[in-house]
Structures are given as structure tokens and as C-alpha cells.
Protein chains: 2
Amino acid sequence: MASLNQIDVLKQQFSDFLRRKKYRITQERINILDRIAEIDDHFSADELYLHMNGQGDKVSRATIYSTLDLLTQCSILTKHRFQGESAHFELSSRMPHHDHLICTECGRIVEFREESIDAIRDRVADRLGFRPLHHSLQIFAVCHSPTTCVHNTSE
Amino acid sequence: MASLNQIDVLKQQFSDFLRRKKYRITQERINILDRIAEIDDHFSADELYLHMNGQGDKVSRATIYSTLDLLTQCSILTKHRFQGESAHFELSSRMPHHDHLICTECGRIVEFREESIDAIRDRVADRLGFRPLHHSLQIFAVCHSPTTCVHNTSE
DNA sequence: GTTCTTGCAAACCCTTTGCACGTCT
DNA sequence: AGACGTGCAAAGGGTTTGCAAGAAC
């Protein structure tokens, strides 16, 4: 869970963004960010919907989707799309950044941290004339012994 | 478009895979691979469906989806998922492998080739006990001058 | 007061599935 | 002959949209 101080910084960042884009600062939008800060993990739109409505915070799915989009636009959230799954989000400040290796035989997902990618990201973005924000690297691979892999369900 | 020779290699590779997995070698599956070899670009399931049915090759969407899945399983095709779009495929042999930078302000996608990622991919996969197949790196960034970017539609 | 946002339900898109028929082995 | 693949249309899941009511400015 983000500290109180971190939450205030995020709210400030979000309000500034909304003002700058001439969007309105509504109770729902602030509430949603507040409740996201309570989750220290990846989450889907529907998980957030259930998290909020299970605790008396009435918000519609339409508002959740729209606010998640705004929070992603201003880089407070990072949006992930693994394989065929629904979109998942996490606070960008939830460091360190990690990437994912996916086994094409059994679908297992392994998280890893590889610092050298950051430098490559920055160098490539600069070369192409962009300011880098973040990245997503997915490595597709198979176990060294796929036939004995405990996760394997394909044959 | 892949050369005649390349197509034969791909067909051989596909037949071997089907036999190994005890799947049947049907006319539809071979036809689909043939028509994919004509496309020198990324394509979606529906684009392939239209490509085939527009030229008298009657194949159902169900068969297209199922065959694309088989072709991805045996690494003849690589499956991409950009942002919220539908899945896109391309021949894995359509080299060199490239990655993508996406502008979060205007959605522009820039392709780039960065060789050093291959070594990182192999090293990470090995460290985690996997045999690397391929990877997908997406860099999210903004133009150095987002307000003057010709692609920008957000303000 | 005007404009934007919300909530609901229906619509939407891409993909998967059930079932009867056809095809591969 | 038997098992598997195909085609169709309908179902499915996640996300977006149209519209009336409500909140922000």
C-alpha cells in the first residue's frame, strides 16, 4: 500500500492533469485513485469494481473504465496486456519495474528484473526523438525439459 | 512475399508439427498457410479471412482462428498484441525481428531494430531455466515536442 | 445555467463454442 | 468406420456507448 505522502503526491499529479486537460475533478475520480492506492498488486477493471463496490463505494463500471484510462494517460498507472487476458493495471510508482517471461508450452509467467533494459529503452527513445516513459518486455520461451514440466498440459 | 522455397520449408515444418501432435493435415490448414505466405505484413484474423474469401477460397472464421493458433504454437507465426487492438500475426521468418515504440500522447507506433535485446533475452531465459524463442519489447514515450507533434490529437 | 460526468443497460468487437455435417486416416 | 476438423450461428467476455439524471464549474 502506498504511504499517505505518496497518495497525496498522486492526487496532486492527477488534479493537475485534469485541470490542464480541462477535465472535471469529480468525487468519483478522486475516490478511485484513493482505492487503487490500497492495492499493492496488478488489478483488472473488474477487480477494482468489486473492490470498491464490496466496501460501499458505489461506482459504475463505465466510470471505472473511463478513470483508469485517464490515470493511464497521465502515467500514474501502467497498463499491461498479457496474452489473451483482460487489461491489468498497476501504479507506475510501484517499483522496481519488472518484465515477464511466458512459457509457450504451459503458459507459466515468470517475473524478472533486468536493469540493462532501462538504458536500452532510453537510448532507443532518444534516437527516435522521444522522451521515454516506461516499457514492457515479454520473453517467450519453453522450459528446458518441457515434457517433464509440472505446468505442462499440452500433451 | 515469401519465396517458393521458403513456402515449402514452412509447409514441411507445419506438416511435421501436425503429425507430431497427432493433428490432421487438412486442405484448409495447408491453404491458410499458403495464403499467409502471400502477405508481407502484419495481419489480423479478420484481414486474413477477407483476403481468402475475397478470392474464392472459402474458409470459416472458426477455422482461421484455430489454424492461426496452431501456426503460432509451432512458431511459424508470431502473435502481437498492440494496445487495445485485435491480435496481429506475422511470419516469424519475416526478418529481422523488430520492436515497437508507442507515443502515449498521439498513439503513433514506430518500429525499430535493436540487436542488443536479443542477447539480453537469451541471458534472462537461460538464467530462469528456459529456452528462448522470441520476445516483444514495447517502449512507451512522448515526442520531445508533444504540443507541436503533427500526430497529436489530444488537445 | 451550461457543460461535463455518471450510471445503467444495451451494443459492440473479437474470439470461442455447440452441434450437425464432412473429411482425413 | 471412426475420430477429428469444418462451418455456421449463437454465446461469451471485456469494453464502449447512448441517453437521462446529476454534479462541477
Side-chain angles (χ1 to χ4, degrees), chain A residues 11 14-35 42-54 56-74 77 79-89 107 154-155, chain B residues 11 14-35 42-54 56-74 77 79-89 107 154-155:
Chain A
K11 284 190 189 170
F14 193 29
S15 309
D16 289 350
F17 168 80
L18 293 174
R19 251 188 297 274
R20 181 158 52 83
K21 292 279 193 175
K22 304 241 185 339
Y23 296 140
R24 291 183 178 171
I25 298 174
T26 67
Q27 200 54 58
E28 287 82 355
R29 286 172 177 169
I30 299 301
N31 276 354
I32 288 172
L33 178 51
D34 247 329
R35 298 323 217 55
H42 298 83
F43 60 90
S44 65
D46 210 58
E47 284 163 0
L48 179 59
Y49 174 79
L50 296 174
H51 177 69
M52 296 191 68
N53 286 273
D57 247 333
K58 287 209 185 310
V59 195
S60 71
R61 280 191 173 80
T63 303
I64 299 252
Y65 276 104
S66 131
T67 305
L68 286 175
D69 186 47
L70 292 171
L71 286 165
T72 303
Q73 271 182 48
C74 66
L77 291 182
K79 185 174 184 172
H80 298 285
R81 287 189 161 276
F82 301 126
Q83 303 278 77
E85 294 182 13
S86 59
H88 279 66
F89 301 82
S154 68
E155 42 189 339
Chain B
K11 284 190 190 170
F14 193 28
S15 310
D16 289 350
F17 168 80
L18 293 174
R19 251 188 297 274
R20 183 157 52 82
K21 292 279 194 175
K22 305 243 185 341
Y23 297 139
R24 292 186 177 166
I25 298 174
T26 66
Q27 201 54 57
E28 287 84 355
R29 286 173 177 169
I30 300 301
N31 276 355
I32 288 172
L33 177 52
D34 247 329
R35 298 324 217 53
H42 298 84
F43 61 90
S44 65
D46 210 58
E47 283 162 1
L48 178 59
Y49 174 78
L50 296 174
H51 176 68
M52 295 190 68
N53 286 274
D57 246 330
K58 287 211 185 309
V59 195
S60 70
R61 282 191 172 80
T63 303
I64 299 250
Y65 276 104
S66 134
T67 305
L68 286 175
D69 187 47
L70 292 171
L71 287 165
T72 303
Q73 272 182 48
C74 66
L77 290 182
K79 185 174 186 173
H80 297 285
R81 288 189 161 276
F82 301 126
Q83 304 276 76
E85 294 180 11
S86 60
H88 279 66
F89 301 81
S154 66
E155 42 189 337

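So you know, we letter chains A, B, ... as the sequences are listed, proteins then strands, and number each from 1. Predicted, not measured: the structure shown is a model, and the values here were computed from it.
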(request) Would you indicate which nucleotide in C:dT6, C:dT5, D:dT6 comes nearest to any side-chain atom of B:Thr63? (result) D:dT6

(message) For a quick test of reading the model: is some side-chain N or O of A:Thr26 closer than 4.0 Å to OP1 or OP2 of D:dA24?
(response) no

(request) Find the distance B:Lys58:NZ to D:dG5:C1' and express it as a whole number of Å. (result) 19 Å

(message) For D:dT6 and B:Arg61 - does any side-chain N or O of the residue sit under 4.0 Å from the phosphate oxygens OP1/OP2?
(response) no

(message) Measuring only between side-chain heavy atoms, which start at C-beta, is A:Phe14 closer than 4.5 Å to A:Leu70?
(response) yes

(request) Quickly work out the A:Phe89 CZ to D:dG14 P distance and round it to whole Å. (result) 13 Å

(request) Would you kindly give the CD1-to-P distance between A:Ile64 and C:dC8, to the nearest whole Å? (result) 12 Å

(message) Strictly below 4.0 Å: does A:Tyr65 bring a side-chain N or O up to OP1 or OP2 of D:dT15?
(response) yes

(message) Counting only side-chain heavy atoms from C-beta out, which of C:dT15, D:dT16, C:dT6 sits nearest to B:Arg81?
(response) C:dT15

(message) Tell me if a side-chain donor or acceptor on A:Asn53 pairs with a main-chain N or O of A:Val59 at a distance below 3.5 Å.
(response) yes

(request) Quickly work out the A:Ile25 CD1 to D:dA24 C1' distance and round it to whole Å. (result) 10 Å

(message) If the cut-off is 4.0 Å, is B:Ser60 near the phosphate of D:dC8, judged by side-chain N/O to OP1 or OP2?
(response) no

(request) Compare the minimum distances between each of C:dG7, D:dT15, C:dC4 and the side chain of A:Val59, then state the nucleotide with the smallest one. (result) C:dG7

(message) When you measure from the side chain of A:Arg29 to the backbone of A:Arg24, do you find a donor-acceptor pair of N or O atoms at a distance under 3.5 Å?
(response) yes

(message) What is the distance, to the nearest angstrom, from the NE2 atom on B:His88 to the C1' atom on C:dT15?
(response) 15 Å

(request) Starting from P on D:dT6, measure out to CG on B:Leu70 and report it in whole angstrom. (result) 8 Å

(message) Run A:Ser66 and A:Thr63 through side-chain hydrogen bond (donor to acceptor under 3.5 Å, both in side chains) and show every step you take.
(response) CA-CA 5 Å; A:Ser66 131; A:Thr63 303; over 6 Å; no

(message) Heavy atoms from C-beta onward define the side chain here; which of D:dG7, C:dC8, C:dT6 lies closest to that of B:Ala62?
(response) D:dG7

(message) Nearest whole Å is fine: how far is C:dC4 P from A:Leu18 CG?
(response) 15 Å

(message) Looking at A:Arg29 and C:dT5, is any side-chain donor or acceptor paired with a base atom of the opposite kind under 3.5 Å?
(response) no

(request) Could you say whether B:Ser86 or A:Thr67 is positioned toward the 5' end of DNA chain C, judged by the nucleotide with the nearest heavy atom to each? (result) A:Thr67

(message) What's the closest nucleotide to the side chain of B:Arg24 if the choices are C:dT17, D:dA24, D:dC4?
(response) D:dC4

(message) Can you tell whether the side chains of A:Asp69 and A:Lys79 come within less than 4.0 Å, N to carboxylate O?
(response) no

(request) Return the value, rounded to whole Å, for the distance between atom CG of A:Asn31 and atom C1' of C:dT5. (result) 14 Å

(request) State which of C:dT15, C:dT5, C:dG7 makes the closest approach to the side chain of A:Tyr23. (result) C:dT5

